[in-house]
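First the structure, in the form of C-alpha cells, and then the observations on it.
Both ligands and their constituent atoms are indexed starting at 1 by order of listing. These numbers come from the heavy atoms of this one structure, side chains and all, not from hydrogens, waters or symmetry mates.
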Amino acid sequence: MAVKVLMVCLGNICRSPIAEGILKSMTNPNDVIVDSAGTSSYHLGNSPDPRSIAIAHRHGIDISNQRCRQFTTKDFSKFDFIYVMDNSNYKNVVAKIKNDKDRFKTKLILDEVDLDLKEVPDPYYDEEDGFETVFQLLYKACQSISLKLNTK
Ligand code: 4NP
C-alpha cells in the first residue's frame, strides 16, 4: 500500500505546495501519495503563489494545478507522515492531536536534515530570492524523506 505524506504550512500557497511538488518529483505515485494543506483558511481554493509556481517551474516542477485547502483533524487518520514547515504551524497541528500515534507521525520537516536551521522561513513577504532559499531547503529535506521512504 502507498505511503501517504502531507506537507503543512500556514497559507498552503507558498512553502507546502513547493514541498508537495518536490517530493512528488522524487517518488513514484504508486508508492507515495503526497498532498499539502494550510493551518489557516486565508487562501482556500487558490492556486499556489505565483512566486512559488515560478521557482518550482525554474527547477522543472509544475505545481500550478494545486489548490489550497485547510488542514483538518481527519488528516491524522489519512496520512502516515505529516511534515510541518515551522514551529508556529507545528503547534497548531499538534494542538489537534488526540493520541500518541498522531504525535509520532507529526514532524518539523527540517528535522529530516542535518542543518542548524529548524524552520523553513515564511517567504510570503520576501522577494523571489526568499523562494529560492525555501526551494533549496525543501529539496534537501525531500531528498532525505524520499530515501527514507525507499522508493524510485
Ligand atoms: P505559506 O506562506 O504558509 O508558506 O503558504 C504564507 C502564505 C500566506 C500568508 C502567510 C504565509 N498570509 O498571511 O496570507
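Scanning the protein heavy atoms around atom 12 (N) of ligand 1, the nearest turns out to be Tyr124 CE2, 3.5 Å. Looking at atom 4 (O) of ligand 1, its nearest protein heavy atom turns out to be Arg15 NE, 2.7 Å. Nearest to atom 11 (C) of ligand 1 among the protein's heavy atoms is Asp122 OD2, 3.2 Å.
Between the side chain of Ser146 and the backbone N or O of Met26, no donor-acceptor pair lies under 3.5 Å. When atom types are taken as modelled, the side chain of Gln70 and the backbone of Thr39 share a donor-acceptor pair closer than 3.5 angstrom.
Interface atoms of ligand 1 facing Cys14, defined by a heavy-atom separation under 4.0 Å, are 1 (P), 2 (O), 4 (O), 5 (O). Taking every heavy atom of Cys9 and a limit of under 4.0 angstrom, the matching atoms of ligand 1 come to 1 (P), 3 (O), 4 (O), 5 (O). Heavy-atom contacts of Ile13 reach the following atoms of ligand 1: 5 (O), 7 (C), 8 (C) (cutoff under 4.0 Å). Set against the non-hydrogen atoms of Gly11, the atoms of ligand 1 under 4.0 Å away are 1 (P), 3 (O), 5 (O), 7 (C). Near Leu10, the atoms of ligand 1 lying under 4.0 angstrom from a non-hydrogen atom of the residue are 3 (O), 10 (C), 11 (C).
A salt bridge links Arg15 to Asp86: one of the charged nitrogens lies within less than 4.0 Å of a carboxylate oxygen.
The shortest N or O to N or O distance between Ser16 and ligand 1 is not under 3.5 Å. Between Pro123 and ligand 1, no N or O atom pair is found at a separation short of 3.5 Å. Between Tyr42 and ligand 1, a contact under 3.5 Å exists for no N or O pair.
Residues Tyr124 and Tyr42 keep their aromatic ring centres 6.0 Å or farther apart.
Within the 4.5 Å cutoff, the side chain of Phe131 has heavy atoms near those of the Asp49 side chain. Taking 4.5 Å as the limit, some side-chain heavy atom of Ile63 sits within range of a side-chain heavy atom of Ser52.
Contacts of His59 classified as ring pair (Phe, Tyr, Trp, His ring centres under 6.0 Å), with partners at least two apart in sequence or in another chain: Phe135.
A heavy-atom separation below 4.0 Å is found between His43 and ligand 1.
Of all the heavy atoms of Asp49, none lies under 4.0 Å from any atom of ligand 1, so neither backbone nor side chain is involved.
Here the closest non-hydrogen pair linking Leu6 and Ala37 is CD1-N, 4.0 Å.
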